[in-house]
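What's counted below: heavy atoms across the whole structure, side chains too, no hydrogens, waters or symmetry copies. Here is how names work: the chains are called A, B, and so on, in the same order as the sequence lines, proteins then strands, and each is numbered from 1.
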Amino acid sequence: MAKNYDHKKIEAKWQREWEKAEIYKTKEDKDKKKCYVLDMFPYPSGEGLHVGHPKGYIATDVYSRFKKMSGFNILHPMGWDAFGLPAEQYAIKNKIHPRVAVEKNVARFKEQLSIIGLNYDWEREINTTDTKYYKWTQWIFLKLLEKGLAYESYEPINWCPSCQTGLANEDLDGSACERCGTTVEKKPMRQWVLRITDYADRLLEDLDVLDWPDSIKELQRNWIGRSEGALIKFKVKSQKSKVTNDEFEVFTTRPDTLFGATYCVMAPEHALLDEWKDSIENWDDIEEYREEMKKKTEIERTAEGKEKTGVRLAGVTAINPANQEELPVFIADYVLAQYGTGAIMAVPAHDTRDYEFAKKFGLPIREVISPRPLASYLSTSSEGETERGCVKKASAENSPHPDLPSKEREEDGRTKIQCPYIGDGALINSGTFSGMSSPEAKKAVTEFVGGEMKTTYKLREWVFSRQRYWGEPIPIVHCERCGAVPVPEKDLPVKLPDVDSYEPSGTGESPLANIHDWVNVKCPKCRGEAKRETNTMPQWAGSSWYYLRYIDPRNQNELVSKEKEKYWSSVDMYVGGAEHATRHLIYARFWHKFLFDIGAVNYDEPFAKLQSVGLIMAEDGRKMSKRWGNVINPDDIVETYGADTLRMYEMFMGPFDQSSAWSTESIIGPRRFLEKIWRIFSKVKSKKEKEKSTTENEKLEILFNQTIKRVSENIEDFKFNTAVSGMMIFLNELEKEENIERGMFEGFLKLLTPFAPHIAEELWHEAGNDTFIYNEPWPKHDDAKIIEDMMTIAVQVNGKLRATFEIEGDASEEEVKRKALEQKEMTKWVGENIPKKVIYVKNKLVSIVV
RNA sequence: GCCCGGGUGGUGUAAUUGGUAGCCACGAGGGACUUAAAAUCCCUUGCCCUCAUACGGCGUGCCGGUUCAAGUCCGGCCCCGGGCACCA
């Protein structure tokens, strides 16, 4: 055996051997339990991997090796999410076909991954740009269309003038294009849209059953943004034309404040405005305001601290259905056309935005909610407990409101009020509803005015078309007679044709529009002249179902064999970045639920368990990027320290889901750990001695069992840093032995295998084994051997640690307490005093109070 | 502004979920081996007081509370990171 640990030789050798023996090939033994471990597949960019990318892949590798050795059939595949703008832009810049660029980048990525020694089953490799793959992406689109979940829309959408394409709400970073940072415009254009909001409720509710980090679930909840409210109709009165049967509808989450409405506001884009044109006396002003708004960017409209603007509709009033009061109506851009009904009732006393607007325009502010239930100062029950909720109106109506802090009141000429109080409370000044609590009043008031309860969402429909080349063609043919006709399933895939230039046409059309041979086709329905849809799908399409393809990667007859899917689904462990919370992870859940509904899959959630990876930052604390010149390349680390050291270090850096900075200094720690294992091997007893060797060192035996338990539990919990630390602690003890028992050392090698498979394999063979350690069973700890004979008891006096002592593990409470009081330190701290209290915490400490 | 995380030695972090704060690792200091260096091995390493590794005191962002006992629970703040943002 070589004297020094030569990682290069060892790693190359075993990677070769493993490949030859095909040990990572997925087994389909249906009698065994399965474990599907999945990474978010990468986008193969031209830059290659930096040292941060493999962190998640190493974790799934550790986890799946552990599961495999624990007796599971594992599925741990890898593939490429290769459609999308970066590849296209790379192609434009370098004047090569995106397909060629992707091939090149994939080869580079694969090489970088392979030297890390990951246990992927490459026979199941997939690529979203493969025609055999995207045939099924197109198939899913056709199914969505068939079920009415895909439709053409002409609504204004987000348009990135730099990327020359429409974008979904999810693709924005604030109001800028997430890719290039350009501020997006609203542009009306024809586009394909998916009705994701039909699934909003299920996407929200089913989060409860998922074993995902709470933070990710919360991000999705906020993104879906469900709010319960009411739709209430307001009749419109016009001075000029006397038309009184017009009405408009508002959405509010606070119908309980209806009596406090002092005006109404409609979004400038509201469609009813045009219908009312003749009734509105200052139509010119209205048009002017609307023009102004159109010119403004989203940023300008929503800038922080921006003063509210708006114009009153002269000659038009709304009737408050609760008290028949006539209210002025405004248009203002603080009301969004896309949300709710695009119109609101304004209650300045109880809404911050309405309050600001009312202050600026000198509108009345009427308080209708008292912060605390009135009962708190009007009456208390016999127990002295506050009676919550309902209070009789007679007493409430005339009460002053001592709950409002007087210093915060201000004069506005009409009402004295606190800055808007937006919480729940008791109704006041609300006719027969005064005294009722807010939650009760919500339903009651809504019913009273004939409104209906309604749920709305912030989630918008998924804008699904892109005016770019490098994506899946949307399988539609436009026929003048038949309209948008789906391409028949048998004609799938609609292959992306080659073009001379991948640049967008600049007209808002995809470059595909210029490929006449491809565009002009016969209508599948009437055989007449027709044109293909030239928009392509967004980058997120292929990744919305790829995890199903790994289960059955070469199937050309159906999306996935239901039998295979039944066995392998759902993904048991999904690992990736938290940045995908509101895009990929929502889109994939949406598609999966749809596929479940049409009977294509057996389960209705794709990813049962999710773990997020924390980023690895550069040493300077910034993100690793070519731009900052702070990128660390995994190839260099593998070359200098070895793949095993890289793997160990990335797992040891800190909590897995936390981001941490790469440290050139610290990586030496894990390397030294591996070298120490290498050196220690010379002290391992030879095979002959194995039989007669019994456990000579009981303490070590206990530590070994504790280590097995700890490492197993930590891997299961994704606490790799403490698993590594546990192995280090064990090794530090093992090192002190003159002779190391072979069985124990081999057990330790098994614990090491998921983290450092190459060195573990080498030493396993050096020890005289001819199997692969990957195929060995995971060690089990012995419960009887993790309890120590002696325990250390801490003694506290008045909460301060004053002594510790050792005692037999089975000592009784009495014995422990007595021995605690006998400690010599106690003469000083307890002395002649008689302890008031002596508390014994089993196996831990004695706390004495004097 | 709202919603999530997080704040512990010089650094990355650990702490059986209320029970001896600082495990493991890096760095630093000292020593051994060596002609020398690297590597390796041994010792020290939260802060203050101290000749002391004696006796003590302080200490987990800040202030207060609950408890025999708080890094951990409760209330109020201050910073840092992420997400959302005129969503009625």
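Residue Arg679(A) has no polar side-chain atom (N or O) positioned under 4.0 Å from OP1 or OP2 of A39(B). Arg671(A) has no side-chain polar atom (N or O) that falls below the 4.0 Å cut-off from OP1 or OP2 of C26(B). The side chain of Trp829(A) contributes an N or O atom lying less than 4.0 Å from OP1 or OP2 of G56(B). One finds no side-chain N or O of Lys458(A) lying less than 4.0 angstrom from the OP1 or OP2 phosphate oxygen of A85(B). Residue Arg672(A) places at least one side-chain N or O closer than 4.0 Å to OP1 or OP2 of U40(B). The side chain of Lys800(A) contributes an N or O atom lying less than 4.0 Å from OP1 or OP2 of C58(B). Put simply, Asn4(A) has no side-chain N or O that comes within less than 4.0 Å of OP1 or OP2 on A39(B). OP1 or OP2 of U11(B) has not a single side-chain nitrogen or oxygen of Ser663(A) nearer than 4.0 Å. Close to C24(B), at under 4.0 Å from its OP1 or OP2, lies no side-chain N or O of Asn721(A).
Ring centers of Trp223(A) and Tyr457(A): at least 6.0 Å apart, outside the cut-off. Ring to ring, Phe361(A) and Tyr263(A) are not that close: their centroids are 6.0 angstrom or more apart.
Using cut-offs of 30° and 60° for the angle between ring planes, the Phe730(A) and Phe704(A) rings count as tilted. Below 30°, between 30° and 60°, or above 60°: for Tyr334(A) and Phe357(A) the angle between ring planes is between 30° and 60°, a tilted geometry.
At a threshold of 4.0 angstrom between heavy atoms, the contacts of Arg802(A) are confined to the sugar-phosphate backbone, with no base atom among them. In this structure, Leu219(A) reaches the sugar-phosphate backbone alone: every heavy-atom distance under 4.0 Å involves primed, P, OP1 or OP2 atoms, never a base. Residue Thr804(A) is classed as a base contact, given a heavy-atom separation below 4.0 Å to a base. In this structure, Ile793(A) reaches neither bases nor backbone, as no heavy-atom distance under 4.0 Å exists between it and the strands shown. Glu735(A) comes within 4.0 angstrom of the backbone, heavy atoms only, and of no base. When heavy atoms are screened at a 4.0 angstrom cut-off, Tyr457(A) is found touching no nucleic acid atom at all.
If you check A15(B), C3(B), A88(B) against the side chain of Ile344(A), the one that comes closest is A88(B). Among the nucleotides C86(B), G19(B), G12(B), the one closest to any side-chain atom of Ser660(A) is G12(B). Proximity note for Thr722(A) (side chain, C-beta onward) versus C24(B), A14(B), C26(B): the nearest is A14(B).
Checking U53(B) for Watson-Crick or G-U wobble geometry (two distances, each under 3.5 Å) identifies no partner in any strand. The partner of C77(B) is G61(B), by the rule that a Watson-Crick or G-U pair needs both atom distances under 3.5 Å. Checking A37(B) for Watson-Crick or G-U wobble geometry (two distances, each under 3.5 Å) identifies no partner in any strand. Using Watson-Crick or G-U wobble geometry with both donor-acceptor distances under 3.5 Å, G10(B) finds its partner in C26(B).
Between Gly726(A) and Ala661(A), the residue anchored closer to the 5' end of RNA chain B is Ala661(A), taking for each the nucleotide with the nearest heavy atom. When each of Gln796(A) and Pro670(A) is assigned the nucleotide of RNA chain B bearing its nearest heavy atom, the one mapping closer to the 5' terminus is Gln796(A).
Near RNA chain B, meaning a heavy atom under 4.0 Å away, the residues from residues 841-850 of chain A are Val841(A), Lys844(A), Leu845(A), Ser847(A), Val849(A).
Taking the charged nitrogens against the carboxylate oxygens, Arg583(A) and Asp171(A) do have a contact shorter than 4.0 Å, which makes a salt bridge.
A 6.0 Å sphere centred on NZ of Lys683(A) holds more than 12 heavy atoms belonging to other residues, nucleotides or ligands.
For the pair Arg589(A) and Trp212(A), the cation sits on the ring face: its NZ or CZ lies under 6.0 Å from the ring centre, inside 45° of the axis.
The base of C68(B) does not come close enough to the side chain of Lys836(A) for any donor and acceptor atom to sit less than 3.5 Å apart.
No side-chain donor-acceptor contact under 3.5 Å links Glu228(A) to the backbone of Thr455(A).
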